[in-house]
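Report on the structure given below.
All chains are named by letter (A, B, ...) in the order of the sequence lines, taking the proteins before the strands, and each is independently numbered beginning at 1.
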Amino acid sequence: MNNYIAQLNESQKEAVLHKDGPMIIIAGAGSGKTRVLTYRIAHLMQQGVDSFNILALTFTNKAAREMKKRIAEIVGQSEAKNLWMGTFHSVFARILRSESEKLGFPSNFTIYDTQDSVRLLSSIIQEMSLDKDKYKPKQVLGRISQYKNSLITVKAYYTNPELLEADRMSGRPKMGEIYKNYVDRCFKAGAMDFDDLLLRTNELLTRFPDVLGKYQDRFKYILVDEYQDTNHSQYLIVRALADRFENICVVGDDSQSIYAFRGANIQNILNFQRDYKEVSIFKLEQNYRSSQTIVNAANSVIENNQSKLDKTIWTQNDKGDMIKIMRTLSEGDEGRFVASAIFEDQMRHQLSNDQFAVLYRTNAQSRAIEDALRKKNIDYKIFGGLSFYQRKEIKDTLAYLRLILNPNDEEALKRVINYPARGIGDTTMNKLTVAANELNKSIFEVIENIDVVNLQLNTGTKNKLRDFVLLIKSFQAEAQTLNAFEIAELVLKKTKLVRDIEKDGTPEAISKVENVQELLNGIKDFIEVQKEKEEDDSLAVFLIDVALATDLDNDKDDKPRVSLMTIHLAKGLEFPHVFIVGMEENLFPSAMSMNTRSEVEEERRLFYVALTRAEKQVYLSYAQSRYRWGKLVDCEPSRFLEEIDEQFVQQIAPKQPQFKQNSFIDSDIFGETPPETVRFKKPIGVKRKEAPKPIKKASPVQGNFKRMHQVKMDIPEGPFATKLKVGNFVIHGKFGKGEVLAIEGNENDQKAEIKFENGEIKKLLLQFAKLKIVN
DNA sequence: GACGACGAGCTTTTT
DNA sequence: GCTCGTCGTC
């Protein structure tokens, strides 16, 4: 176990062995970052640093768990136990739990998830009689989230003329008022939203110097992973805590910053050297994960970004296979391509399912892939999407548990006060809400005092309300002696919640009941695990875990499965074979992120992240048409496809039978296909002379390009490429006007060397270059 | 107040 | 195409 140093390369070793003081590790994709972090922590401990004094902040719970496991393997389970390691949110949620009363929050404060926050904002907007279309709850929440992440409190908001003006200009002059109400209501409910966990931590550390001092002393060594994705609020917490010892080690890669949309500030990593004196800088540039082809292709893509730190990723690995690009007809067709490619690779190379991952830009894309995999009997697992804990039946059950710990939790109360139905309807709730606002009390407190408060409610309703309060209070009394599992069981029995679900009798109802059962099992597991680790197994801690849970670890069965997830979720993971699907304009890059250069650059970094997940093989696919919002729309190939240096890519074509007339019958788009889409498909299949092979090169002219080059519409007979001659002037969507200097390659794979107005000479693959001839 | 039918809006990504 | 919220009826 002492031999761990020997497993490191020179720069990794330096980073691990570096002594005290601020340091930054710029770690390229696949450069052994996790290894350096874990070894560094283990090394600190072997040098005599008490694990109690180390704080390691990771980006996901999963990363924390894995790292902790690996550290335990080096230093031993009992040594690693005191190590404080987790996400910003979970670490500071726990700290806040023991300090929250200083801020006026109960120690059993609730954590509102996004859904809770949106619902609360909806009611506030409604109560204020504002236009729901101008003040869309989700957007309002996004705005408030921005304020909070920038540490703009309600007070700061009102003294900031620019913000006031910006919101007024965007037609939302009441933003400040909504913000204030939202914060007040959360406070009254004893609830913090995700952003509050950071904001309130900052408040705690600023307002209470003794508390700050306590944690500064405790966390003598602080390590932050994925530093490029920290927001301002997180940045300030780290700065404050590290201020005493300055033993701060941040690890990150600016090229993998993909969370600007939720306030991540890439400047945090770019400016780290300015924040501290005498920063030691380490660069990990050797990639151990991917083939040369993949590393170089990814480099050629990220080259297109202007703002980045100077580093060059290289690898000694084999050259590896070309990146394969596949055009498909529809999302269903794309799914079938993925499924059969996985099937064929498995046959050819004896690979198991867990060697494959399918990555996509949006969760909605998973459906088509799932269908295709299921038809081919390929086991898969989906990460993300609607999490287990967000299902209605689970949230309802959890709402009761939340109420037991914190009866002021308004969102939990509204969820279950009339579920299962007990005759407390909207009218009553409206009266209660108005009263609660007027009296500055929570709804639960109003109900507790229902006999004192003069609300126009009839006796029957009052009795029902009293019964509800009594029910919750009886649970609270029982919770004194019962553990989390027993209390959950009791709640389900007393409220008859399961029976209410069952009476539906539908197949969905059965699965819902199973889910509730699964939740109970989860609570049981939780108690056992916590006991084993000698950690707090209270209901309160369970609810914190649940609120911040993301990756459901349904690794229950150990069957190898194909992984399906968004690219965001794939960060930090690696797979031998990776499919990146939906490589289309408006999807990737997303239509919402094409307005500014920096938005497109973030999308490009996202593509970079996707590419660098792969060890051996990357497949890129796009569909010519796809259902979006229930409508079939035509799609163009993504601009990112042409940004990959063409020497690393290879266009592959679908199998012949796909184009036979009868194959349209089982195609998704049969019957809905606009005539011209069909017309464009035929020539390709007909033109091919070679015998159909599993994989072969395609003709340069392909149906879907009709919209990109109107020119081609007139010449359906011959390939566009043959029309282009040396000396032609062309217009390119990104590079502008240019002159064709040379054309090379065979008919199937033609490239043109073009000198553009800005002086740059580019070699473009004619299949992807969006060129228009102007002379 | 409960329940079913209908329509609007939605899809960017997550703690 | 799906989900959530609103509206109308009982």
Side-chain angles (χ1 to χ4, degrees), chain A residues 57-64 86-93 111-115 117-119 122-123 126 132-133 136-139 141-142 145 148-149 192-199 226 229-231 233-234 257-264 331 359-368 383-387 389-390 392 418-430 458 460-461 464 504 544-551 565-571 582 586-594 599 602-603 605-607 609-610 626-633 668 672:
Chain A
L57 296 165
T58 59
F59 198 69
T60 62
N61 294 309
K62 195 174 165 190
T87 62
F88 273 88
H89 289 85
S90 66
V91 165
F92 295 111
I111 299 173
Y112 275 177
D113 67 13
T114 307
Q115 200 185 0
S117 299
V118 169
R119 283 182 180 218
S122 293
S123 27
Q126 199 175 6
K132 267 206 303 335
D133 294 327
K136 293 194 174 129
K138 266 190 195 158
Q139 283 179 15
L141 180 65
S145 178
K148 287 186 175 175
N149 285 329
M192 297 199 201
D193 66 15
F194 288 138
D195 303 315
D196 283 332
L197 294 175
L198 307 174
L199 181 70
E226 309 280 10
D229 283 324
T230 51
N231 62 34
S233 197
Q234 292 167 322
S257 161
I258 53 175
Y259 282 96
F261 73 92
R262 71 173 204 217
E331 54 197 322
L359 309 181
Y360 34 79
R361 179 66 180 80
T362 67
N363 280 306
Q365 289 166 258
S366 70
R367 180 172 242 106
F383 294 79
L386 185 68
S387 118
Y389 296 108
Q390 296 183 10
K392 183 180 180 305
N418 201 30
Y419 182 78
R422 39 175 86 83
I424 303 170
D426 292 346
T427 321
T428 309
M429 282 312 289
N430 284 340
N458 58 39
T461 310
K464 288 170 189 162
D504 233 31
I544 290 182
D545 277 6
V546 162
L548 301 174
T550 42
D551 38 57
M565 66 186 88
T566 62
I567 301 168
H568 282 89
L569 274 184
K571 194 169 78 160
N586 294 322
L587 185 59
F588 192 19
S590 157
M592 320 288 280
S593 308
M594 309 204 333
E599 280 179 346
E602 173 144 322
E603 295 284 310
R605 289 192 296 269
L606 196 54
F607 184 44
V609 168
R626 173 184 299 277
Y627 277 101
R628 296 188 91 178
W629 311 285
K631 277 211 179 89
L632 190 71
V633 296
D668 279 352
E672 312 249 8

Need one value for A:Lys138: base, sugar-phosphate or nothing, where a base atom within 4.0 Å counts as base even if backbone is also close, heavy atoms only.
sugar-phosphate
At less than 4.0 Å, is any side-chain N or O atom of A:Asn586 found next to OP1 or OP2 of B:dT11? Yes or no.
no
Consider the side chain of A:Ser593, meaning its heavy atoms from C-beta on, and name the nucleotide among B:dT12, B:dT14, B:dT11 that approaches it most closely.
B:dT12
Rounded distance in Å - CZ (A:Arg628) to P (B:dT12)
8 Å
So what does A:Asp113 hit on the nucleic acid, given a heavy-atom distance under 4.0 Å: a base, only sugar-phosphate, or nothing?
nothing
Phosphate contact (B:dT13 OP1 or OP2) by A:Asn363 side-chain N/O below 4.0 Å
yes
In B/S/- notation, 5' to 3', how is nucleotides 5-10 of chain C contacted by protein heavy atoms closer than 4.0 Å?
-S----
A:Ile258 CD1 to B:dT12 C1', straight-line distance once rounded to whole Å:
12 Å
A:Thr428: side chain to side chain donor-acceptor pair (under 3.5 Å) partners, not counting sequence neighbours:
none
Between P of C:dC2 and CD of A:Gln390, the distance in whole Å:
20 Å
For A:Met429, what residues pass the side-chain contact (heavy atoms from CB on, under 4.5 Å) criterion, not counting sequence neighbours?
A:Leu413, A:Lys414, A:Ile417, A:Ile424, A:Leu432, A:Ile443
Given B:dT14, B:dT13, C:dC2, identify the nucleotide with an atom nearest to the side chain of A:Thr362.
B:dT13
Rounded to whole Å, NZ of A:Lys62 lies from C1' of B:dT14 at a distance of 15 Å
For the pair made of CZ in A:Phe194 and P in B:dT13, what is the distance, rounded to whole Å?
15 Å
Looking for any heavy atom pair under 4.0 Å, which part of the strands does A:Ser90 touch: base, sugar-phosphate only, or nothing?
nothing
First of A:Gly423 and A:Asp195 reached from the 5' end of DNA chain B, by closest nucleotide
A:Gly423
Send over the distance from A:Asn61 CG to B:dT14 P, rounded to a whole Å.
14 Å
Evaluate A:Glu331 against A:Arg367 for salt bridge (Lys or Arg N to Asp or Glu O under 4.0 Å), listing each step before the verdict.
CA-CA 9 Å; A:Glu331 54 197 322; A:Arg367 180 172 242 106; over 6 Å; no
Looking for any heavy atom pair under 4.0 Å, which part of the strands does A:Phe588 touch: base, sugar-phosphate only, or nothing?
nothing
Ring stacking, A:Phe261 with base of B:dT13, under 5.5 Å and under 30°?
yes
Find out whether the Lys NZ or Arg CZ of A:Lys392 is both under 6.0 angstrom from the six-membered ring centre of A:Tyr419 and within 45° of the ring's axis.
yes
Candidate nucleotides B:dT12, B:dA2, B:dT14, ranked by approach to the side chain of A:Arg361 - the nearest
B:dT12
Shortest side-chain distance from A:Lys136, nucleotide among B:dA2, B:dT12, B:dC10
B:dC10
Atom pair distance, as rounded to whole Å: CD in A:Gln139 and P in B:dT12:
10 Å
Validation row: A:Glu599, A:Phe261 side chains within 4.5 angstrom (heavy atoms):
no
Any A:Thr428 side-chain N or O less than 4.0 Å from OP1/OP2 of B:dG1:
yes
Taking for each residue the nucleotide of DNA chain B with the nearest heavy atom, is it A:Ala591 or A:Thr114 whose nucleotide lies nearer the 5' end?
A:Ala591
Among B:dA2, B:dG1, B:dT13, the one nearest A:Thr427 by side-chain distance:
B:dG1
Between the main-chain N or O of A:Ile258 and the side-chain N or O of A:His568, is there a donor-acceptor pair closer than 3.5 Å?
yes
Whether the A:Thr461 and A:Asn458 side chains hold a donor-acceptor pair (N or O, under 3.5 Å, no angle test) is what I'd like checked.
yes
Report the distance from atom NZ of A:Lys464 to atom P of B:dA2, rounded to the nearest whole Å.
8 Å
Working note: A:Gln365 + A:Phe588, criterion side chain to side chain contact (heavy atoms under 4.5 Å, CB included); need CA distance, chi angles, decisive distance, verdict.
CA-CA 12 Å; A:Gln365 289 166 258; A:Phe588 192 19; over 6 Å; no
